[in-house]
Undergrad: 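Sharing a structure here in structure tokens format.
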Amino acid sequence: MKQTALTTLLFLLGISLFAQTDSDNADGIDRSLPEFSFSEKELAGEMHFLASDFLAGRRTGSTGNVIAANYIAAQLRGFGYAPINGDSYFQPVPLMQTESPESGKLTAGDFTFTHGKDLLVMRGPAASGEANVVFANYGWVDEETGHNDYEGLNVKGKIVITRAGIPGDISQRGIFRGVSEKADFAAKNGAIAIFELYSLPFPWSSFKGYFGGSRMGLDSGEEGATIPYGFVKADDNFLPALKEKKKGLKGSMASTGIKIERIESMNVGGILEGTDPAMKDEYMIVTAHFDHVGVGAQGGGAYTEQDSIFNGARDNAFGTISLLATARAFAEVPTRRPIIMLAVTGEEMGLLGSQYYAENPLIPLEKTIFNFNTDGAGYDDTSGISLIGANRTGIDEQVEKAAAAFGKKVISDPAPEQGLFDRSDNVSFAKKGVPALSFSPGITGFSDELFKYYHQVTDNPETIDMTYLKEYCQAFALAARLIANRDTVPFWVAEDKYEEAGKKLYGTRK
């Protein structure tokens, strides 16, 4: 009787265990994969290092930024990833940092403009001189169309004033094109300085604040403008007064000059081969930026003497840790396709690291079938993750499946008014045609909870929900695995704005 009871108990227990296992695998996901056993304490330890005061905000080009880069490289080496750049895990990224002049001034007749107030000198060396101030329409030359605003106009030895933008395009895009080219046209025609009349549809103070301090960009190798160039914020009386005089107004200009410093940062990457020989030339690139905004006035937000370090726990130690956790999981159980793990620099300076890689890829972009990026401003909903670029590349099913495996919902494109897709590193790849998106922490919008920490000195490791960090890393790693293991490569949906770039990149292969 006792034997029969024991046999029955074991039989029922077996049915129960079988039912539980069957339920756990109802979605077809193997729960023995490494991402299901991530350690919250290990991830928290990484957070307390990458977002520590010791790294001083990880500003691009800083010592803290270099330390973070070497830490990431050491991890990839330890996991067994091959160096991305010959025998190196680093891709040097040449940068140029510019500082606004200490002082500048423009006079034209009875009008006076002062740098930092109603004058913004943005390019050019130190210079000064007295000269007539003349109007040159847009100050634009286009050999293809035959447009030449300097034709029949003598500007030699003079100061040129122009409309903002270029003929037919006074949008932000046209104005920024003018920034890069107008000074050259004016200098070639003999002008000693050139200034545009500000007309952008957002506050002069914001424009001045953004371009009037320290700026960083990719180093093109050029020395920059050879004459002072910038913008003036003039009242409605200035242009009529200037156009009234055929020879212009008597005036002068002076600038202490833009200060230029060339610096170098680096992207950090490693390569892991896949298990399917038929997919050996189909690389998926996983990205996260590891830089932040630095210390004190560099950070752009409020700070105090007691706390002036912008640690960037959410933005983007969170994503960097997710990338490393995924790298470790893939090293233990590789994916069908080969993987490029790439931590990029300079995102906070204008997506510079990802832009440089996309323009100088270490694996040809036509062999790069997808970019899975992780970045975010923070989170206000730990029940979910955000998918920036949902319904655009055909991988939503994999992301939803991965999120559900860890009890998370998918929030598709929160805060659409913010244009988040085009504000992170994924867009550097998208512009080249590579299907891309950003996997981000759960947000319901740009709420007070986000602004409490976004680019603030309060964004410290102690404020992070470490359980959510672990769950986020798990969902990100599993989603990346499911995408990398797809039978078919992702591609842009029909009529997406990057579809044509994709067709150009891949040709007939999709």
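The analysis underlying the following values was restricted to heavy atoms, covering all of them including side chains, and did not include hydrogens, waters or symmetry mates.
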Undergrad: Specify whether Y198 and F207 have parallel, tilted or perpendicular ring planes, treating 30° as the upper limit for parallel and 60° as the lower limit for perpendicular.
TA: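 Answer is tilted, since the angle falls between 30° and 60°.
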Undergrad: When H455 is tested against each of R314, E348, H292 for side chain to side chain donor-acceptor pair (under 3.5 Å), which residue passes?
TA: E348
Undergrad: Any chance you could lay out the ring pair (Phe, Tyr, Trp, His ring centres under 6.0 Å) test for F195 and F231, step after step, and finish with the verdict?
TA: CA-CA 5 Å; F195 299 98; F231 282 82; 9.3 Å; no
Undergrad: Taking E397 first and then K401, would you say they form a salt bridge - that is, a charged N and a carboxylate O separated by under 4.0 Å?
TA: no
Undergrad: Does D30 have more than 12 heavy atoms from other residues, nucleotides or ligands lying within 6.0 Å of its CG?
TA: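 Enclosed: over 12 neighbouring heavy atoms sit under 6.0 Å from CG of D30.
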Undergrad: Once you measure the plane-to-plane angle for W492 and Y498, does it fall in the parallel (<30°), tilted (30-60°) or perpendicular (>60°) bin?
TA: tilted
Undergrad: I'd like to know if R163 pairs up with E196 as an ion pair, taking the criterion as any Lys NZ or Arg NE/NH1/NH2 lying under 4.0 Å from an Asp or Glu carboxylate oxygen.
TA: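 The answer is no: the pair does not qualify as a salt bridge.
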Undergrad: Parallel, tilted or perpendicular: which one describes the rings of F310 and Y303, with boundaries at 30° and 60°?
TA: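 Because their plane-to-plane angle is over 60°, the rings of F310 and Y303 count as perpendicular.
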Undergrad: So, taking the atom named CG in L351 and the one named NZ in K431, what distance separates them when rounded to the nearest 0.5 Å?
TA: 7.5 Å
Undergrad: Does the plane of the ring in Y472 sit parallel, tilted or perpendicular to the ring in Y468? Use 30° and 60° as the thresholds.
TA: tilted
Undergrad: Might you work through the ring pair (Phe, Tyr, Trp, His ring centres under 6.0 Å) test for F406 and F36, ending with a clear yes or no?
TA: CA-CA 9 Å; F406 298 101; F36 284 89; 4.7 Å; yes
Undergrad: Ignoring hydrogens and angles, state whether a donor on the side chain of R58 or T345 is under 3.5 Å from an acceptor on the partner side chain.
TA: no
Undergrad: Does D487 come within less than 4.0 Å of R336, counting only side-chain N to carboxylate O?
TA: yes
Undergrad: Under 30°, 30 to 60°, or over 60°: which ring-plane class applies to W140 and F185, parallel, tilted or perpendicular?
TA: perpendicular
